[in-house]
Amino acid sequence: MPANFVPPSGVEYIRVLPEIILAAVATLIMVLEPLTPAPRKRALGYLALAGFAGALAGAAAAGWRTGPAFSGMLEVDGFATFFRLLVILAGLLVTLVSFPYLRREEAESGEYYALLLYSVAGQTIMVSAADLIVLFIGLEISSIASYVLAGYMRREKLANEAAAKYFLLGSFATAFLLYGIALIYGATGTTRLNGIAQVLSDPRMAPAGILTGTAVALMLVGFAFKISAAPFQVWAPDVYQGAPSPVAAFLAAGPKAAAFAVLLRVFMTAFAPLTGRWLAIMWSLSLLTMIVGNFAALLQTNIKRLLAYSSIAHAGYVLVAVTAHSEEGVQAAMFYLTVYVFMNIGAFAVVAYFSRKGERYVEIEDLAGLGVRQPVLAALFAVILLSLIGVPPTAGFLGKFYIFQAAVKADLLWLTVLGLLNSAVAAYYYLRLIVIMYMKEPGDSLLELPGMAVSTRAALWTSAAAVVVLGLFPALIR
Amino acid sequence: MDAIIFLIFAAAAVIFGINVVLRTHPVSSALALIGVMASLAVIYLLLGAPFLAAVQVLVYAGAIMVLFLFVIMLLNAGSEKKSRGAWMARLAGVPLLVALLTILSFVIFRMYPRSVGVKFGSFAAGTVERVGSALFTTYLLPFEITSLLVLIAILGAVVLGYKELD
């Protein structure tokens, strides 16, 4: 052992407590899986649920003892704790939605829950990373588990296609990110985020601008893929459509929020000295993402594809907050991502429930008459859709309000105007869902609609309640 | 002398790399990939990282390539069929590639006058001892979480390839 080496102290272990809990429970599930008879696989799901709950407590405990961990590889600060709690909560809600889904499809197994836990562990590592190496490994843990989850129903043709597409394009994007990291390491001689910022801001040490510019561009491509920003969004609709609905909910919530956290951290700390170079790119990226997402969503007839394009559009709104490049912008992005996670999981929970075995009913027209047959469910879905539009007093409205307020303060008038026009376009396709739900006569799709399982109900109620409560009391998380 | 060896093996790596993509039979591609790995190992050796060079040969050129060949032969994969590709790819592919290479070469030529030529062998931190102590002190956390990554890859292979869902 080298003389200058100090072993990690106890408090450093507390700072990685959520990761330890998630990984330990996931591994435990893998060990128990072959010992559990098929009818009792649900017990492993409950274990996963307990794991997520433990990790929430762990993240809170870690957030209470902020600071660096493991020779500065992780930085547990308020920002990291916020996103840790968010992605763990997303994992928990998705587990709840998965219970009845997996039972219905007769595909319940411990591996599903283990992959979910590992993926979330990767995301908590990502959001607290202070070093590009750790960031990259966390991103890969999260992504590889997501690729497998997307193809979990491997007898379904669409799921196979989704997983293959996601894996190939995702690996390609990862290669871009890695190439960017290699270049920035070559240019600055460090992979620490604050170390990079130090070298870049020092005029005596600053490397050739064109080299760092290339590195930033390559890394941005990698991140833009993960947040499904246009023009790197092509995978999203196909993957969300082919993946099982709970997994689609997960993909649009956890990995996306974590990728945004990483994007914010890297570009606001490490690449802060280069702001002038990347701001214009971010500007066009956000505008293009909003336009592509919203206008493509207008043409969809499949609910899952519609939600996929809507998720692209929402990534565009958050990118507006990133473009604002201010403390306020970061806060707006954090608020919006929280609200978005709830809205998205709520919407996909309805789809997971409504689609029936083999996901037969996923066309928009299938929703006809839902408001009459299932008034409570339809009302909750309507609340979530209204929040996706951004109607007050839902949290979706406040989220957009904060984002565009930050954009105006950052003198991004054109982006604000175009963004607002975009959200007006978005109102059309969300309202169409509500209209079909309430104004159309029930069709064949509503025959033999079973009752909603308790766990899905819990997830849906939580999401809808969160959307309303955060809309009324935004101070809870701001 | 160093520079000559470097040029030979750098060129070999590039040629083998292009070959990996151009060959239509997967076995030929895999064999060309061994060439890339071996050339890279020599470059690592020149840079003064003997441990990395050994690992490169043992793990990549050895273990992983054997696995690749096993899988290819197990699946009995034949020559790939050439598809015509999307019209966008055909139309924009070559111009975009040229643009990318132009930008990259511009970057390299702009950097060139500023950078000091690499003096091979001057770097001495690539020994097993130094790599090991870095891996288990500063880079302890990345090293440990890499094990999670490997575990997920195995788990994923089990889920997608082996387990019957019922």
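Naming: A, B, ... by sequence-line order, numbering from 1 per chain.
Of all the listed residues (B:G156, B:P142, B:A153), the one sharing the greatest number of non-hydrogen pairs under 4.5 Å with chain A is B:P142.
Within 6.0 Å of atom CZ in A:F167, 12 or fewer heavy atoms from other residues, nucleotides or ligands are found, so the atom counts as exposed in its surroundings.
None of A:K41, A:R40, A:R103 except one satisfies the salt bridge (charged side-chain N to carboxylate O under 4.0 Å, His left out) rule with A:E108; the exception is A:R103.
Between A:Y166 and A:W235, the ring planes are parallel. Angles under 30° get that label, and only those over 60° would be called perpendicular.
Within the 4.5 angstrom heavy-atom criterion, only side-chain atoms of B:L155, from C-beta onward, approach chain A. Only the side chain of A:I133 comes within contact range of chain B, with at least one heavy atom under 4.5 Å from a heavy atom of that chain. Interface remark: B:I103 contributes no atoms to any contact with chain A (heavy atom separation under 4.5 Å). Contact of A:I125 with chain B is made through the side chain alone, with heavy-atom distances under 4.5 Å. Heavy-atom distances place both the backbone and the side chain of B:I145 under 4.5 Å from chain A.
Separation of the A:Y152 and A:Y147 ring centroids does not fall under the 6.0 Å cut-off.
Contact check on A:E19 versus A:R84 returns a salt bridge, with a Lys/Arg side-chain nitrogen under 4.0 Å from an Asp/Glu carboxylate oxygen.
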